[in-house]
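Read the structure below first, then the notes.
In this text, all values refer to a predicted model and were calculated from it rather than measured experimentally.
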Amino acid sequence: MSKNQKNILIAALIPTLYAIILRLTFGIKDWYELFSVMSVTFLFLLPTIVGALTVYFLDKDKVKKLGYRILFPWIPVILFLIITLIFAIEGWACWLMILPVFLIAASIGGLVGGYLKLKKRNDRLNISVLMLLPFLLSPIEQLIEKIPGTYTANTHIDINASADKIWENVTRVKTIEENEDTGYLTSFLGFPRPLRAELNFNGVGAYREAIFTNGLIFRETVTEYEEKKKMVFSIKANTYEIPSTTLDEHILIGGAYFDVLKGTYELEKIDERKYRLHLYSKFKMNTTFNFYAGWWGKLIMKDIQNNILKVEKKRAEE
């Protein structure tokens, strides 16, 4: 192995090893009050440090090239991704959500590391301090009280059918076959897909179950009801009754970070044979990076809702 190849190998593997050690440390449940994977420290600072470390171990000739400083830090990130997937340390759904952040932060870290190396700003000391920062900052972050963020996902669809036919398919959704499922994002993320919804009667206080695959059930209680106009219901997922493999713990509906609170159907008349069916949901994110998690939460909820609305439209128009 040439000196150049050895240098590249070291520059890729040492930051990868650092990332793995940090992930395992932050994943220890007994240390949850000090370290958490679901933190700004882990999601934003870790890849920045990985990028700086990567460039630090590269030859100065390579560091002088902007492309190396921006793109080479992606290699340990990809290696980290592969290793955590192979050993089931992380799930594919989580990686899909955080990969853009990791790649951008790693490139920023590469630029920072390159600046320190080229300017000879005592880069060894600076890199050592950077590597220790997550262990110093995470306990401080965990002391900051999380303020849950509440978000609303709004969706609607136009249906050419009578109000009677539409409302019949809203209150009770018969079994959804796999070929009717158009929830592409949730399917890609490995979310359970909707099967059917059952309502015991039409009115306030009614009990509704929205049943998904893999044992996931949304237990809903109707809190407002206007026949063929509006139905509002509270939602409670049977989170702790389903197998732990059904959803990744970090995006578990009804878990510590993500919960759906309320759903609303509204039927708006456009003309004699055309109605607009609205479906809203209110959900909660409980992280220190709700600005990012909330965006993903909206994408997921809109995908679920649009999937159900398309099924209801197709059946009402048949």
Side-chain angles (χ1 to χ4, degrees), residues 1-27 35-87 89-138 141 250 287-289 291-293 295-296:
M1 183 182 292
S2 68
K3 183 179 178 181
N4 182 54
Q5 290 173 326
K6 185 177 180 181
N7 173 255
I8 289 175
L9 196 62
I10 289 172
L13 292 183
I14 290 181
T16 304
L17 180 62
Y18 172 78
I20 292 169
I21 290 171
L22 208 68
R23 172 60 184 88
L24 294 175
T25 302
F26 276 52
F35 308 112
S36 173
V37 173
M38 294 292 283
S39 64
V40 171
T41 302
F42 185 85
L43 294 181
F44 297 92
L45 186 57
L46 168 62
T48 304
I49 295 170
V50 165
L53 263 179
T54 304
V55 170
Y56 171 76
F57 285 109
L58 281 174
D59 284 336
K60 188 168 285 189
D61 289 341
K62 290 185 174 62
V63 176
K64 289 177 181 178
K65 298 175 182 177
L66 184 62
Y68 269 93
R69 299 200 299 273
I70 292 174
L71 297 178
F72 197 84
W74 291 12
I75 293 175
V77 169
I78 299 300
L79 288 174
F80 180 46
L81 179 156
I82 292 168
I83 291 168
T84 54
L85 286 178
I86 288 174
F87 291 97
I89 298 171
E90 278 305 345
W92 172 248
C94 277
W95 263 117
L96 179 68
M97 295 178 191
I98 67 173
L99 185 58
V101 172
F102 264 56
L103 294 178
I104 292 169
S107 292
I108 292 171
L111 292 172
V112 171
Y115 174 81
L116 294 174
K117 192 174 183 78
L118 294 175
K119 296 295 181 180
K120 298 180 180 178
R121 296 294 179 87
N122 202 356
D123 50 297
R124 182 173 296 181
L125 174 62
N126 288 322
I127 289 295
S128 299
V129 170
L130 274 177
M131 290 177 68
L132 291 173
L133 266 182
F135 299 99
L136 300 174
L137 293 182
S138 182
E141 183 182 348
H250 302 130
T287 71
T288 54
F289 51 94
F291 60 91
Y292 186 69
W295 180 77
W296 270 105

Could you work out, with side chain to side chain donor-acceptor pair (under 3.5 Å) as the rule, every residue matching [X], not counting sequence neighbours?
X: T288; answer: E141
X: T16; answer: none
X: T287; answer: N290

Residues which pass ring pair (Phe, Tyr, Trp, His ring centres under 6.0 Å) with [X], listed by chain and number, not counting sequence neighbours:
X: W295; answer: none
X: Y18; answer: none
X: F289; answer: none

Quiz: residues 79-87 side-chain donor-acceptor pairs under 3.5 angstrom, not counting sequence neighbours:
from, atom 1, to, atom 2, distance (Å)
T84, OG1, F80, O, 2.9
T84, OG1, L81, O, 2.9
T84, OG1, W95, NE1, 2.8

Identify all side-chain donor-acceptor contacts of residues 97-110 below 3.5 Å with residues at least two apart in sequence or on another chain.
from, atom 1, to, atom 2, distance (Å)
S107, OG, I70, O, 2.6
S107, OG, W74, NE1, 2.8
S107, OG, L103, O, 3.2

Tell me whether S39 contacts the main-chain N or O of F35 through its side chain, where contact means a donor paired with an acceptor under 3.5 Å.
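Looks like no, no N/O pair under 3.5 Å.
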
Quick one: side chains of residues 60-69, donor-acceptor pairs under 3.5 Å with protein atoms, not counting sequence neighbours, listed by atom name and distance.
from, atom 1, to, atom 2, distance (Å)
K62, NZ, N4, OD1, 2.3
R69, NH1, V63, O, 2.6
R69, NH1, K64, O, 3.3

In terms of the angle between their ring planes, are F26 and F135 parallel, tilted or perpendicular, with boundaries placed at 30° and 60°?
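Plane angle over 60°, so perpendicular.
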
Applying side chain to side chain contact (heavy atoms under 4.5 Å, CB included), name anything that partners L17, two or more places apart in sequence or on another chain.
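With neighbours one apart ignored, the set is I21.
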
Once side chain to side chain contact (heavy atoms under 4.5 Å, CB included) is applied, do any residues pair with L133, and if so which ones, sequence neighbours excluded?
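Scan of L133 (side chain to side chain contact (heavy atoms under 4.5 Å, CB included), adjacent residues dropped) gives L45, L130, L137.
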
